[in-house]
Amino acid sequence: MNYLMLVCSDGEPIPAGTDVGAEIDVWIERCGTQRIYGEPLAPPDQAKTVRVRNAMTLISDGPYAETKEFIAGFDLLTCADLDAAVTLAAAHPIARFRSLELRPFPTEVSLDGAAEALAAAVGEPGERFLLMFCVDGIPEAEAVEAAIHAQSRAWGEQQGAADRLVFGSPLQPADTATTVRVRDGQTLLSDGPFVETKEFLAGIAILRCADRDEAVALAAAHPLAAFHRVEVRPFPEA
Amino acid sequence: MLAATIRRLGDWHLAEECAADAFAAAAARWPREGVPDRPGAWLTTVAVNRGRDRLRRGRRGGELLEQIGRDPGRATVSPGAHEIADLENPGATAIPDDRLALIFTCCHPALALEARVALTLRMLGGLSTPEIARAFLVEEAAMAKRLTRAKAKIAAAAIPYRVPAEADLPDRLSGVLAVLYLMFNGGYLTAGGGQLVRVSLCEEAIRLTRILTDLWDRDGEPLGLLALMLFHHSRRATRVDAAGELVRLEDQDRSRWEAPMIAEAQRALERAHTLGPAGPYGLQAAIAGCHARAATAAATDWGQIAALYGQLARILDTPVVALNRAVAVALSGDLTGGLTRLDALDADGTLTGYHLLPAARADLLCRAGRDREAAAAYRRAIGEAPAGPERRFLQRRLATITAGGAARSPTH
């Protein structure tokens, strides 16, 4: 089973004297092959949220959910089951201060050579962006849903053909999420995503683009932008 | 049987549907052909075969069948033979009891608490969705949705169907005990003032707890919970009278308490003590044991009970424990002290709307000969009690007091 682990922050500072960077290195070591890939993200004030209405591309500053909590990074995990994923999440140094959301992918996820390509991309001119597809969970008419599905696939194939798509996948619905925290040495689980919002994350894609404008244009070209919203978040500068 | 079907098919929803099909097939065939030697095995085999047929036809079939084929624990060429092997040699499988694995899955902390209880009642207690909806006082459609959602999450998020890993067991076990105790109490507290004791639900909770006690010997809490349930359950025949009315502990016919069940509870409690200091369930069982051992209500060792509540309050500091402790203090001879504790609880407001607080106060006031105040407390308790046997009991008590001095003794 594959999980997207979202590292979530409420913006509170990590207590002084905690070397999170070093602890994360230890954590990555511990994960071994169970961690496919992961990155921190640039802060949410660098995010753009894109939607298309009446053929107009509307761009707003900031992340999709205007909450105190925000997504600060992510990891792709491959684990035997949810217990194994919770064990990894609880061992993550951030779990003691903030929360981690585990969201299953509907199908098996692999990066194959793309992970190496991604690592190699650091420092290259091609910038990387995480696209987060946010939906309200209200289904459109069946024919519309089918069209969105077909166009989404075409969009993915197009990005792949242009050598821009590092990774892309839908996610299981938000109500399959489990949020993990560790407080006073106790692992605390809660049913559902790290913050309950009207809109929720329904899929992600990682793109290599020339610049932010291109990433925003590609997000606007995704069929979901016409119905919902797509957050475009850069990776931090190398 | 449902648990075994889930293990074979690896799909909860499908297993439930196929189990229902198997029961329907049994209803059609058993009256004609006779009940097979191993009815459970027969049902499981029929359900699993039905499930495989559906998987072959279904859209996700290929993938799931492949899984079943890959995992030798899930299926064999001949499910009938496998089932019989399980029955004859239960220790041979990694999972000592499918139902035990099932309860750990139903009580998984990644599910919301209310979903855990509902799912356990549905999958292990065998209650129907409308029955669970009534017990939770929610709409049937809402309960159906809650159950569907929980099952969908189990499948989508790969919540494992097995007894948890060693390291996770202590935490996971206390979660399971909480759900089992809720299930047991659900057997007593049916909504809407219907039948007062739903025996099958209590017995199912006891059965599952007994399985847990065989598995767990690192502390005495499962044994404590088992003892607690058995002490309570030994009195079930005397809790209500022929008219279905509630009978207080002190008024119950002790000769009808089930002595063998009390003896088993006592043994469980003694075994629990050998496994370390008593936890919340062990202490509550010890209190229930004090009642069970008293030959008459008057012979109850209230001093011991008050001391046990004192210990319990140190690890389980809840207003309900404080309420019971106050009553025990009063009945151990310190009536004024007990009433003072109750008044403090009342002033503190955490039990506002909980009818047992004014009911307990009424009873103590009555014992103190303060009938007028007792009547006022009974009226308040009646206003707060749910309709049904408990409210009627309070109304009878009030009627007795207001009828005059003849009812000074509270034992009528």
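Below, chains carry the letters A, B, ... as their sequence lines are ordered, and counting in each starts from 1. Computed from a prediction, not measured in an experiment: that's the story for all the values here.
- In this structure, chain A has no heavy atom under 4.5 Å from any part of B/A150.
- Contact annotation for B/R172: only side-chain heavy atoms (C-beta onward) come within less than 4.5 Å of a heavy atom of chain A.
- A/R128 has a carboxylate O that lies under 4.0 Å from a charged side-chain N of A/E39, or vice versa, which qualifies the two as a salt bridge.
- Between A/F129 and A/F235, the ring center distance fails the sub-6.0 Å criterion.
- For the set A/T187, A/T178, A/D175, A/L188, the entry with the most heavy-atom pairs within less than 4.5 Å of chain B is A/D175.
- In summary, A/D191 and B/R149 engage in a salt bridge, as defined by a charged side-chain N under 4.0 Å from a carboxylate O.
- Remark: A/R153 CZ is loosely packed, at most 12 non-hydrogen atoms of other residues, nucleotides or ligands lying under 6.0 Å away.
- If you measure heavy-atom distances from A/A84 to chain B, you find no contacts under 4.5 Å at all.
- Using bins of under 30°, 30° to 60° and over 60° for the plane-to-plane angle, the ring pair A/F74/A/Y37 lands in the perpendicular bin.
- Comparing B/A155, B/P164, B/A156 by heavy-atom pairs within less than 4.5 Å of chain A, the highest count is held by B/A156.
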